[in-house]
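Working notes, structure below.
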Amino acid sequence: QVQLVESGGGLVQAGGSLRLACAASGRTFSRYVMGWFRQAPGKEREFVAAISGAALTKIYSDSVKGRFTISRDNGENMVYLQMSNLNPEDTAAYYCTRGSRIGTNGGMYGSWGQGTQVTVSS
């Protein structure tokens, strides 16, 4: 069973930046798609970004495209989400996830981290 541990969340002013990190256990990290989802209070979980195993394919939600960048380091079993030009609508708990196929549906991903909170003040 893979373990995913997120870090890097915090409080930031609108227009600011944060970089989230997710550390994954196991020896087969590069075989899997890695993704980020987020969930704000009272709202459904929302796809943010995903990256294929070799980092050849990256997909983003329309709400973060051009502001967020997903990347990975297969040698370190790490996936990152660089977030720039943050706005209060980005406030949410952000979750790292692992799957076998890249996509925007949370049902395609089988393992989830515990989440890290991002709060953007106006």
Side-chain angles (χ1 to χ4, degrees):
Q1 181 74 11
V2 66
Q3 288 188 325
L4 303 173
V5 180
E6 302 96 335
S7 60
L11 174 64
V12 63
Q13 289 188 333
S17 299
L18 279 177
R19 188 175 84 149
L20 305 183
C22 173
S25 64
R27 300 181 179 180
T28 58
F29 179 74
S30 63
R31 297 181 184 177
Y32 292 95
V33 171
M34 298 299 296
W36 290 94
F37 284 72
R38 67 186 182 186
Q39 188 167 21
K43 294 188 177 180
E44 293 187 354
R45 182 176 59 192
E46 174 189 23
F47 170 78
V48 176
I51 185 169
S52 62
L56 296 178
T57 302
K58 302 176 185 181
I59 57 174
Y60 299 91
S61 69
D62 287 342
S63 61
V64 308
K65 197 174 296 182
R67 300 188 298 121
F68 291 11
T69 302
I70 190 170
S71 62
R72 65 190 297 161
D73 183 339
N74 286 343
E76 297 293 330
N77 282 21
M78 297 291 295
V79 61
Y80 303 98
L81 186 68
Q82 177 67 48
M83 307 184 295
S84 302
N85 194 19
L86 286 160
N87 59 64
E89 289 69 39
D90 296 315
T91 295
Y94 283 72
Y95 297 89
C96 174
T97 185
R98 189 186 82 167
S100 298
R101 293 186 299 126
I102 198 166
T104 63
N105 188 333
M108 300 173 68
Y109 298 86
S111 300
W112 297 83
Q114 83 289 348
T116 186
Q117 179 68 35
V118 171
T119 302
V120 184
S121 63
S122 58

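All values below come from the heavy atoms of this structure, side chains included, with hydrogens, waters and symmetry mates left out. Nothing fancy with the numbering, it's 1 onward along the sequence.
Interatomic distance, CZ of Arg67 versus CD of Gln82, reported as 12.0 Å (0.5 Å rounding). A distance of 9.0 Å separates CD in Gln114 from SG in Cys96, rounded to the nearest 0.5 Å. With values rounded to the nearest 0.5 angstrom, Met78 atom CE is found 11.5 Å from Arg72 atom CZ. Of the inter-residue distances, the one linking Tyr80 atom OH with Asp73 atom CG reads 5.5 Å to the nearest 0.5 angstrom. For the atom pair Thr116 OG1 and Arg38 CZ, the distance stands at 14.0 Å (nearest 0.5 Å). One finds the CD atom of Glu6 at 5.0 Å from the SG atom of Cys22 (value rounded to the nearest 0.5 Å).
Residues Val2, Leu4, Leu18, Leu20, Phe29, Met34, Trp36, Val48, Ile51, Tyr60, Val64, Phe68, Ile70, Val79, Leu81, Met83, Leu86, Tyr94, Val118, Val120 make up the rest of the hydrophobic cluster containing Val12, defined by ILVMFWY side-chain heavy atoms closer than 4.5 Å, directly or through other members. Other residues sharing a hydrophobic cluster with Leu11 under the 4.5 Å side-chain heavy-atom criterion for ILVMFWY residues do not exist; the residue is a singleton.
You'll find the side chain of Arg27 stays beyond 4.5 Å of the side chain of Asn77, heavy atoms only. Between Ser63 and Glu89, the closest side-chain pair of non-hydrogen atoms is not below 4.5 Å.
The two residues Arg45 and Gly107 have their closest heavy-atom pair at NH2-N, 4.5 Å. Listed here is the closest heavy atom pair of Ser122 and Pro88: CB-CG, 3.8 Å. Taking all atoms of both residues into account, the shortest heavy-atom contact from Ala50 to Tyr109 is CB-OH, 3.4 Å.
Thr97 places a side-chain N or O within 3.5 Å of a backbone atom of Ser111 that can act as its donor or acceptor partner. With hydrogens and angles ignored, the 3.5 Å screen pairs no side-chain donor or acceptor of Asn74 with any backbone N or O of Ala54.
Placement of Met108 and Tyr32 in two distinct hydrophobic clusters is found when ILVMFWY residues are connected by side-chain heavy-atom separations under 4.5 Å, directly or transitively.
Under a cut-off of 6.0 angstrom, the local environment of CD in Gln3 is sparse, with at most 12 non-hydrogen atoms contributed by other residues, nucleotides or ligands.
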